[in-house]
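The figures here come from the full heavy-atom set of this structure, side chains too, leaving out hydrogens, waters and symmetry mates. A, B, ... follow the sequence lines: proteins, then strands. Residue 1 opens every chain.
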Protein chains: 2
Amino acid sequence: MRVTIGDVAVLAGVSKTTVSRVLNDRGEVDGETARRVQEVIDRLGYVPSARAVGLALGRTSTVGMLVPSLDWPWMSEIVQGVADTLEVQKYGLLLYTCTRGQVSLDQFAASVAAHSCDGVLVVVPENGLGYVTDLYERGLPVVMIDDRGFGPALPTVACTNLAGGASAARHLLELGRRSPIVLTGRLEYGCVQERLAGFAQVYRSAGRPLADEQIIEGDFTAAGGRAAVEMAGRSGRQFDAVFAMNDLSAAGVLAGIRESGRMVPDDVAVIGFDDVEVAVHTDPRLTTVHQPIREMGATAASMLLAALAGAPLPVEPTVLETTLVVRGSTVP
Amino acid sequence: MRVTIGDVAVLAGVSKTTVSRVLNDRGEVDGETARRVQEVIDRLGYVPSARAVGLALGRTSTVGMLVPSLDWPWMSEIVQGVADTLEVQKYGLLLYTCTRGQVSLDQFAASVAAHSCDGVLVVVPENGLGYVTDLYERGLPVVMIDDRGFGPALPTVACTNLAGGASAARHLLELGRRSPIVLTGRLEYGCVQERLAGFAQVYRSAGRPLADEQIIEGDFTAAGGRAAVEMAGRSGRQFDAVFAMNDLSAAGVLAGIRESGRMVPDDVAVIGFDDVEVAVHTDPRLTTVHQPIREMGATAASMLLAALAGAPLPVEPTVLETTLVVRGSTVP
DNA sequence: CTGAAAGCGCTTACAG
DNA sequence: CTGAAAGCGCTTACAG
């Protein structure tokens, strides 16, 4: 049988109130009494039931998190950043994934409605924005990670996507690459729009505005990257560089170029985005725009925890810096 | 203010008992009454508090999970498999990571002691075995994933590591590779010992028993893989194949061989283990022993859920099949 | 400094 | 078919 506060009270010869006091060291307890109680607690290995404490206090000391899927290394790293921060603050992490689309979302919603957590961290899944915004407007503390361009209605942690795109462009221009192809992710995403805007602007300023045919909408997968290169090849368009908006698709681009018999970086320079581990396993290794992914997760968690502690959530997005990391796919 | 079962009861003009009955559709409620209550529930958007239900019922409908770190793609995939299964069964996933070693473990232990979950799924971290075994022996439902060779004291889900190692050896022998090097993970791990045993046995049977110098203890990292190749090169040992016990270190091996100026697979054939995504992004793509990683997670979750439903946990490990996947790193 | 009692929001015998 | 009451395991005014 589970040992309860009542058992401790009886063995220590005090009331449950007193036990509770030493548990939460409220002071105001006689030193000797406290010692006796503590001794019983230790002897019994008593630990208060989280459920009961939660019910009495009206909180769970747990944070809910929703991510589309852990299959993307970017996501895992975000989650790891969150987990590290929550652990330090002694909060639990209730993780929900969205591999079954709406069904998954409903599951998450049910959990939130049942007050299984005090606040929520979200990497918004397809069609999930309305629901999440709704939660926030009803007063639940919410922090969104990497706004997907769905607007600033929620407290958000993001990175400098625009500057990142621009840095990729500048690097290519410095290398004398005049005819790049840009392989995006889905154009609805805010991060994609920003990266594209930053990249395009630099080329425009350099007197080489991007033509529509230089922009290919991708899907962030390696297969998509390979397919894009093939397509570009068949179209007969000349290109001396590819800016792929994540590392996975950049890896696909590398493979596609290799298959076409051209050389990286001599014939074609390739830049990715994210700087996840795959970037150092390709051949050549990938020049890429580094995102401080783990810090983004950690920052979001800190913001949420601060909100749970009473601080107001910032209205302005918190934006972390991206940095260009140069490797063999652009410079031999 | 949060709406409670009491609010529903009042508005519907019935007792909380009755509301509870329709909530858990216990039948035995008058049709008309039930309809009226349900109508109020819907109108108020009432959802029972998970905490309160948990307290009353003595369970949390939550599963705790401990993994060393999400930085390893293998781990993320396990977690995804777990998450998918729990979601279907409407269980929550309380995820704990172990990036701070003992401190993290203590945190997890505290959570378990506070009965924050009904059972536990574990990929045992460094020095975590004793604690986990203890939990199991005290009666907490525990399922271990990928026993690290620490013994069969716990219900476990694993894969055919021995057969996997053997299949790698057979493949290399068929290719005529007589002098392989084996790059292991840490030798304490059960999976490493098994893969090694399977591999060594096949070479022994073929009349080419492995010498000690053909076995290099690695650490499952890419850097370790590259370093091992360098070391082997300096030692002057001739080798025509490398069996690396995970894909990450195999990727490092590939890089190391390339740097040494030799060709894969012509000069050296390389085989990995796991079949995580990096295996298709290397050049050449990696021949590897595929583990059904996600299924391992899903299976472990199912076992635990069955245990929570009253079924006894199997004493014998549940072992899933590995399969050799042949790609360019062994066959051009 | 200490304790009896009410309350957190549910469920479940028990009685009718 | 329905409800009053006790109980799950805590915390916290309130009173002493």
For the student: nearest non-hydrogen atoms of [X] and [Y], plus distance:
X: A:Val120; Y: A:Leu304; answer: N-CD2, 3.6 Å
X: A:Leu70; Y: A:Ser76; answer: O-OG, 3.1 Å
X: B:Cys98; Y: B:Leu105; answer: SG-N, 4.1 Å

For [X] and [N], what is the distance between atoms [atom1] and [atom2] respectively, to the nearest whole Å?
X: A:Asn24; N: D:dT12; atom1: CG; atom2: P; answer: 7 Å
X: A:Leu44; N: D:dG9; atom1: CG; atom2: P; answer: 14 Å
X: B:Asp25; N: D:dC1; atom1: CG; atom2: P; answer: 14 Å
X: A:Arg59; N: C:dG9; atom1: CZ; atom2: P; answer: 15 Å
X: B:Leu23; N: C:dT11; atom1: CG; atom2: C1'; answer: 10 Å
X: B:Leu55; N: C:dT11; atom1: CG; atom2: P; answer: 12 Å

ask   = So, B:Thr97 and A:Glu87: side-chain donor and acceptor under 3.5 Å apart, yes or no?
value =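 No, no side-chain donor-acceptor pair sits under 3.5 Å.
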
message = Let's test this: given Watson-Crick or G-U wobble pairing with both distances under 3.5 Å, identify the partner of C:dA4.
response =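 Its partner is none (no Watson-Crick or G-U wobble pair with both distances under 3.5 Å).
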
key: Assigned partner base of C:dA13, Watson-Crick or wobble definition, under 3.5 Å   =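 Its partner: none found.
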
[X] side chain near [N] phosphate (N/O to OP1/OP2, under 4.0 Å):
X: A:Ser15; N: C:dA4; answer: no
X: A:Thr33; N: C:dC1; answer: no
X: B:Ser49; N: C:dC10; answer: no
X: B:Arg2; N: C:dC8; answer: no
X: B:Thr18; N: D:dT2; answer: no

ask   = Is there a donor and acceptor pair closer than 3.5 Å between the side chain of A:Thr17 and the base of D:dT12?
value =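 Flag set: donor-acceptor pair detected.
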
query = Counting only distance, no hydrogens or angles, is the base of C:dG9 paired donor-acceptor with the side chain of A:Arg51 under 3.5 Å?
reply =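 No pair found.
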
ask   = Does CZ belonging to A:Arg36 count more than 12 external heavy atoms closer than 6.0 Å?
value =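 Counting neighbours around CZ of A:Arg36, more than 12 heavy atoms of other residues, nucleotides or ligands fall under 6.0 Å, so yes.
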
task = Without swapping roles, check the side chain of A:Asp7 against the backbone of A:Thr4 for a donor-acceptor pair under 3.5 Å.
result =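 A pair under 3.5 Å: yes.
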
request  = Could you say whether A:Glu28 or A:Lys16 is positioned toward the 5' end of DNA chain C, judged by the nucleotide with the nearest heavy atom to each?
outcome  =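 Result: A:Glu28.
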
Looking at every strand, decide which applies to [X] at a 4.0 Å heavy-atom threshold: base, sugar-phosphate, or nothing.
X: A:Ser20; answer: base
X: A:Arg26; answer: sugar-phosphate
X: B:Leu57; answer: sugar-phosphate

Picking from [options], which would you name as closest to the side chain of [X]?
X: A:Ile5; options: C:dC10, C:dT2, D:dC10; value: D:dC10
X: B:Arg21; options: D:dC10, C:dA13, D:dC14; value: C:dA13
X: A:Ala52; options: D:dT2, D:dT11, D:dC10; value: D:dC10

